[in-house]
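Structure first, then comments.
Keep in mind it's a predicted model, so treat the numbers as computed, not measured. Heavy atoms only: backbone and side chains are in, while hydrogens, waters and symmetry mates are out. Residue numbering restarts at 1 for every chain, and letters A, B, ... go by the order of the sequence lines.
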Amino acid sequence: MSPQSAPAVPVSKDRSQERQKQMIVDHFERLATAEHRGEKCVYTFVPGNLTELLLSFDVAPVLPEINALQSGMRGLSRDYIAAAEKEGHSEDVCTYVKCDIGMLRSGNVGPTGKRLPDPDLLLLSYTGCFTFLKWFELLREEYDCPVTMLHVPYQADGRITDEMRRYVVNQLRKKVVPALERITGKAYDEDRLRELLARSARAEDDLVAVLESARNRPSPIDAYFGGVYYIGPIFTAFRGTQEAVDYYRELREEVDQRLRAGRGPIIPDGELEEERYRLVVEGPPNWTSFRQFWKMFTDEGAVVVASTYTKVGGVYDDGFRHDPDRPLESLAEYCLGCYTNLSLPARVNKLAGYVREYSADGFLINSVKSCNSFSAGQLMILREVENRTGRPGGFIESDLVDPRYFSGANIRNRLESYFQMIEQKRGQGAAR
Amino acid sequence: MLERCEELTRDTSLPSVRAWKERTGGVAIGFLPIYVPRELLHAQGVLPVGLMGGGEIEIIRGDAYYQSYICHLPRSTVELGLNGSLDCLDGMIFPAICDVIRNLSGMWQMMFPAKLVHYLDVPQDFDRSMGGRFYRHELGVLSQKLVEAGARPLDPDALRASIRTYNVHHGLVAELYELRRREPWRVPTAELYVMLRAGLVLPVEEHNGMLGEYLEAVRADESRRPMDQARVLLTGSFCEQPPLGLIKTLERAGCYIVDDDFVQVSRWFRHALPEDGDPVEALVEAFLDDAIPGPTRYVDEGEKGRDLIERVERAGAEGVLFCAPSFCDPALLDQPMGTAAATRAGIPWTAFKYSEDTGQFQVIREQAGTFADSIKLWSEVTTP
């Protein structure tokens, strides 16, 4: 098959991409100087993050998964993981954890080359991932700081009950807020939190509009690679800020322009010129060979029109918005609604819905060794979504940040076979 | 009796459960490791049936549901579900152990839509007004689902009576463990293990009788004499279980296992439950305040691994075997903290992994044998 993308040079980027890159650099710079400036830092996780609440106390969030994936993209994770395994961490467990432990052993240097601050608080938001619990038990051994656990119940029966919401709100009110008050010496300011949540909701409206632009043909965005590269990540550390509102407004305008011009998405080599396959993707990407992985899709003219990994930091396309009129309740519902906190049947429903609503040609799972929260049950998800939609499913395996589990040739072979299968299905459809 | 227990452990088609259902017409509900409130099920006339995977059964369809890097227990459980072994069960409870078991609850909902499927979400907050309130509500939801599956409604007096019955069970299991701690030659772990496993598929009243009978028999058996073995604590095997052959191998390699993590549902609480007052509150309070701090439970204060060291001291163990199933997140993520605590305390340890269908024990036998020898030759730990 011949490549469908534009020539490799010069690589064009939209203005929003440059802006988000600068925002992230500034964020890591802020973290690097936090101790010097006396700013408090809280380590916490992406799913179920309480960014608005943290910002209302003027504390900076540090997200270990983001540090790990940044290490993966910068080619550092192999050594970090090796360092952790040398200490006795099992080869069987999550590589984000081992990458983080290895980074800590290597001086806790962040992606901009500067040391990250020690935590003033470990805020363990137990949302959709059991490993988080063990991760912060491990980090607690390393730092002399308090830990606060926010236990978010699982949506096993596919819905949020009043009792679940009450349980989370109680913990926010009685444990998390007092912990933040203790480390900052500041009183909880609900009016300030409301302002932040109102800004979040505005940014969320624009985010959803951007993600839903992929319903068009051609899609102006790639909702997986682009989704994690520049559309989604900003949501975690910046939610509630004016910067985030401005960023998503600008991004939405750019995407609208692309849409009006009938242009495809930005890809590693420039812009996709011909959309040949529209896919829905389930599961996290591989970070160590991110660009190579993405190019395997764009070389075939494949665009991801919807993905689930971009929903681990929050599911907004079902209508949820942070609500300034119900600040803590709304934060609780946000945590409870994150993608990995959904039951398997709910995940199947969501994926089958994406395949239909985004007119996808197929559905692909990237199953990562590290993440049982995602991976356990994916083979059943594959069969169920295929049965419900009649669209072909594909299955590839890799890992988050362990380069030992990324076999480029194998994945490329599987993808090529998968695209052939889609072609065959199309042929069958045309023949009928 | 031991032969019967071993047979009940091995026979995954649950003959004792089928017989019970035929006899009583009652509701039988399966549960996966580690803990469910069996007292509550018992009080509603339900037979709680503990499932610990498929052991060494041949996996034909279960592998199609899981990638190679997922542990073995869920694939064998799926196999049992699909091959009809579990068709005598009216439902399943999936406790909050890890992401794999959590997701299996959703798979079960899709595979067996006509059966009761309940994910028992237990609190990781242990404050009465938060985690306690949530857990009490969870128990209410479970109880109601049992009624919908054909069980009788929960009656406080019946629950108090069930608590009394399970307290007897708790006491007998504690007695068994204490006897093994003091005189491990009287209670080989391979025997203790099948005794406990049998209890997962029998009515508690019947199992109480068996435990009493076994205790009496081994106390009277003067042919059981001490040997020069190393006293070890085995940890990490709380969910997917090692094959019985592996336990026997460790004992033959020179280890007296004097404490372990097997079948923890019988020992989830340190003490017996209160037999008067609000019985649901008794279950809640025990969960919050009296449960063992295993790897699936968030330890919110104190040094990780401290409990392990205290257990080593209580058991008079001379070393620790970290014996975890492959790909078991809770055990393997916990392990570095346990090994660090053991190292700090100067306690010898060794680590290996297994899967429930491991068939070759030679390497583990050599490792355990060398470990036991090194303890006997060089350890300065004083045994009780």
Contacting region of [X] [heavy-atom separation from chain B under 4.5 Å]:
X         : answer
Leu124(A) : side chain
Val168(A) : neither
Phe395(A) : side chain
Val368(A) : backbone
Glu141(A) : side chain
Cys371(A) : neither

For chain B, which candidate among [options] shows the most heavy-atom pairs at distances under 4.5 Å?
options                                   : result
Cys129(A), Ala376(A), Cys94(A)            : Ala376(A)
Arg166(A), Lys98(A), Arg347(A), Glu384(A) : Arg166(A)
Glu87(A), Gln378(A), Arg383(A)            : Arg383(A)

In this structure, which one of Asp99(B), Asn103(B), Asp329(B) forms a side-chain hydrogen bond (donor to acceptor under 3.5 Å, both in side chains) with Asn372(A)?
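It is Asp329(B); the other options fail the test.
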Between [X] and [Y], which heavy-atom pair has the shortest distance, and what is it?
X         : Y         : result
Met111(B) : Met380(A) : CG-CE, 3.3 Å
Met110(B) : Pro345(A) : CG-CG, 3.9 Å
Leu138(A) : Met337(B) : CD2-CG, 3.6 Å
Pro336(B) : Gly88(A)  : CG-O, 4.0 Å
Gly377(A) : Tyr66(B)  : N-CE2, 4.1 Å

Taking the side chain as C-beta and beyond, is there a heavy-atom pair between [X] and [Y] under 4.5 Å?
X         : Y         : answer
Lys369(A) : Gln67(B)  : no
Leu133(A) : Gln124(B) : yes
Glu91(A)  : Leu332(B) : no
Phe130(A) : Arg102(B) : no
Lys134(A) : Lys304(B) : yes
Tyr167(A) : Asp125(B) : yes
His89(A)  : Leu333(B) : no

* Asked: OG/Ser129(B) to CD/Gln171(A) distance, rounded to the nearest 0.5 angstrom?
  ->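 If I round to the nearest 0.5 Å, the distance is 9.5 Å.
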* Roughly how far, to the nearest 0.5 Å, is the OG atom of Ser343(A) from the CE atom of Met107(B)? ->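 Those atoms lie 13.0 Å apart.
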* Is it true that Lys353(B) and Asp92(A) have a side-chain N and a carboxylate O under 4.0 angstrom from each other? ->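 The answer is yes: the pair qualifies as a salt bridge.
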Open item on the list: Whether Asp127(B) and Lys174(A) form a salt bridge (side-chain N of Lys/Arg under 4.0 Å from carboxylate O of Asp/Glu) is what I want to check.
Closed with: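 Looking at Asp127(B) together with Lys174(A), the answer is no, because their closest N to O distance does not fall below 4.0 Å.
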Side chain, backbone, both or neither: which part of [X] has an atom under 4.5 Å from a heavy atom of chain A?
X         : result
Val122(B) : backbone
Thr339(B) : neither
Arg75(B)  : neither
Pro74(B)  : neither

Check whether more than 12 heavy atoms from other residues, nucleotides or ligands sit under 6.0 Å from atom CZ of Arg344(B), and answer yes or no.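 Yes, CZ of Arg344(B) has more than 12 neighbouring heavy atoms, counting only those of other groups under 6.0 Å.
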Report the C-alpha distance between Leu344(A) and Gln109(B) in whole Å, list the side-chain angles of each, state the deciding distance to 0.1 Å, and finish with yes or no for side chain to side chain contact (heavy atoms under 4.5 Å, CB included).
CA-CA 9 Å; Leu344(A) 261 280; Gln109(B) 284 177 28; over 6 Å; no
- Task: Pick whichever of Ala340(B), Gly131(B), Ala351(B) has the most heavy-atom pairs under 4.5 Å with chain A.
- Result: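 Of Ala340(B), Gly131(B), Ala351(B), Gly131(B) has the most heavy-atom pairs under 4.5 Å with chain A.
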* Asked: Highest number of heavy-atom pairs under 4.5 Å with chain A: which of Glu138(B), Gln335(B), Arg133(B)?
  ->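 Maximum pair count with chain A is reached by Arg133(B).
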(Q) Could you go through Ser367(A) and Tyr69(B), starting from their C-alpha distance and side-chain angles, then the distance that decides it, and tell me whether this counts as side chain to side chain donor-acceptor pair (under 3.5 Å)? (A) CA-CA 10 Å; Ser367(A) 182; Tyr69(B) 47 78; 2.3 Å; yes
Does the separation of the ring centres of Tyr126(A) and Tyr298(B) fall below 6.0 angstrom?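 Ring-ring flag for Tyr126(A)/Tyr298(B): false, centres at least 6.0 Å apart.
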